[in-house]
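Remarks on the structure that follows.
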Amino acid sequence: MRMIVRGARLSHTEGDGPRGLSDVEVGEDGRIARVVPYDDRKEPPATGTLVEARGALLTAPFVEPHIHLDTALTAGEPRPNVSGTLWEGIARWSERKRTLTREDVIARATEVLRWQAAQGVLHVRTHCDVTDPSLTALDALLEVRDRVRGFMTLQIVAFPQEGIVSFPDGEALLREAVARGADVVGAIPHFEDTREDGVASLGIAFAVAEEYGLRVDAHCDEIDDEQSRFVEVLATLALRSGLRERATASHTTAMGSYGGAYSFKLRRLLSRSGINLVSNPFANLNLQGRFDGYPRRRGLTQVKEMLAAGVNVAFGHDDVMDPWNALGTASPLQTALVGLYAAQLTGDAEIATAFSMVTDRAARVLGLGPDEYGITEGAPASFALLPAPTPQEAIRRQVRPSHVVSHGTLLAETPPTPTRLTWPGEGPTEVDFSRSHPS
Ligand code: 17E
Ligand code: FE2
């Protein structure tokens, strides 16, 4: 045996309350050999790495379903996004894009991947702007994907930031990106010049995906315009092409402006289509509503309603320190916290759902199967041990994993960092923020 995690609380997330503790045994092949009930009278095995969980929560790795590693860590270069709109962000990035080099992209993307690994994010879908005749960022990210293969999954979306139809040679660049090895086909219909261009761009994205047997993930309806209705086009293409759950609509913030009658129709279509939605609360709380006076729209898609309609919805981080978001550490628990407030998922069961939106539900967006994801026998021994008894506590206290393991190898460790408080009139004590104690 290579490793054993003793006495862990397994998070089967949605709806599950606390359950009995388990031992997770990791074989020499880096896979989970056995999951057995914890028995505190039994001696731990003499060989292999021993991790004493003591009731801490063992979760399958966090999954980042939507990030932009090519633009990450470029905030303020060459100048800041002053208006705070999506549109100025795209213009600022377009300037920065001209100065990209292979080394620059590799360094920034790798830095953020290190932050992610440290926080237990082991599966990442990154968008990569391919509206660049040199495809510098794409080639760099393909290299990064190869370097992390074996301990992190990196899916690269060929993302036409400035359009497929409206950008010079947009379709040719998209096709070239896919030919060079992008994993997923992107689009941005609301940015195309006309409604018809937007529809055509989605047609192209699905055609390319079908040709190469790839998934689709489009930035879709990221605008406070109730007339931006490309998600119905995307869902219909997914339904009729059979791509279904292999298609994702990201952002869909216009849905926050749709009226009741159209929303009702849309829910039925989306649930029939099987597509995934990814909501990016940081970016869209920041970018949307910028043209509103008051009342000002919240700028998110219909997260709660679409979950209720049976649609798979996940939360993504989107940006880390770039023209669209000056802050961020790529923390999935920050994403879940901000997302659950933005979408008002604040009941106990809803908070558990928010946790699943950065784990299981995000894994479904990436298409990770049971042989690749989950704490089950035979799956890769990849997981994060969180110093909290429940997903709700992990989100509330914004904990960092004490241990991150990928394929049976310890990747990251974060020891507890106690705070000593000397309350006036009393001696020093260690502050304990936990309130729900494991039984
Ligand atoms: N590009 C885009 O079109 N939308 C975004 N939210 C970001 C980049 C971050
Ligand atoms: Fe995005």
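Excluded from the calculations below are hydrogen atoms, water molecules and symmetry mates; all remaining heavy atoms, backbone and side chain alike, are included. Note that ligands are numbered from 1 as they come in the structure, with each ligand's atoms numbered from 1 the same way. What you see is a predicted model, and the numbers here were worked out from it, not measured in a lab.
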Report task. Mark yes or no: Arg195 above the aromatic ring of Phe230, with NZ or CZ under 6.0 Å from the six-membered ring centre and no more than 45 degrees from the axis. Result -> yes
Query raised in the report: Where the Fe ion (ligand 2) is the centre, what is the NE2-to-NE2 angle for His68 and His66, rounded to 10°?
Result: 100°
Query raised in the report: Do any of the N/O/S atoms of His127, backbone or side chain, fall under 2.8 Å from the Fe ion (ligand 2)?
Result: no
Query - Test item: side-chain donor near acceptor, Asn81 and Arg92, under 3.5 Å - result: no
Requested in this report: Sort out for me which residue in His127, His219, His190 forms a ring-ring contact (aromatic ring centres under 6.0 Å, His included) with His251.
Outcome: His219
**Report entry** Tyr258 six-ring face occupied by Arg229 cation (under 6.0 Å, within 45°)
**Finding:** yes
Query raised in the report: Which pairs count as salt bridge (Lys or Arg N to Asp or Glu O under 4.0 Å) when at least one residue sits in residues 344-356, sequence neighbours excluded?
Result: Lys304-Glu350
Query raised in the report: Can you tell me the N, O or S atom of His219 that's nearest the Fe ion (ligand 2)?
Result: NE2
Query raised in the report: Between the Fe ion (ligand 2) and Glu222, is there an N, O or S atom separated by less than 2.8 Å?
Result: no
Requested in this report: Kindly determine whether Leu285 and Val338 satisfy side chain to side chain contact (heavy atoms under 4.5 Å, CB included), including the steps that lead there.
Outcome: CA-CA 9 Å; Leu285 284 174; Val338 172; 3.7 Å; yes
**Report entry** Validation row, ring centre Trp324 to ring centre Phe282 under 6.0 Å
**Finding:** no
Report summary line: At a 4.0 angstrom heavy-atom cut-off, ligand 1 is contacted by His68, Leu86, Phe159, Gln161, Ile188, His219, Glu222, His251, Leu287, Asp318, Asp319, Trp324
Query raised in the report: Do you know which N/O/S atom name in Asp318 is closest to the Fe ion (ligand 2)?
Result: OD1
Report task. Using only heavy-atom distances, determine whether the side chains of His68 and Asp318 contain a donor-acceptor pair under 3.5 Å. Result -> yes
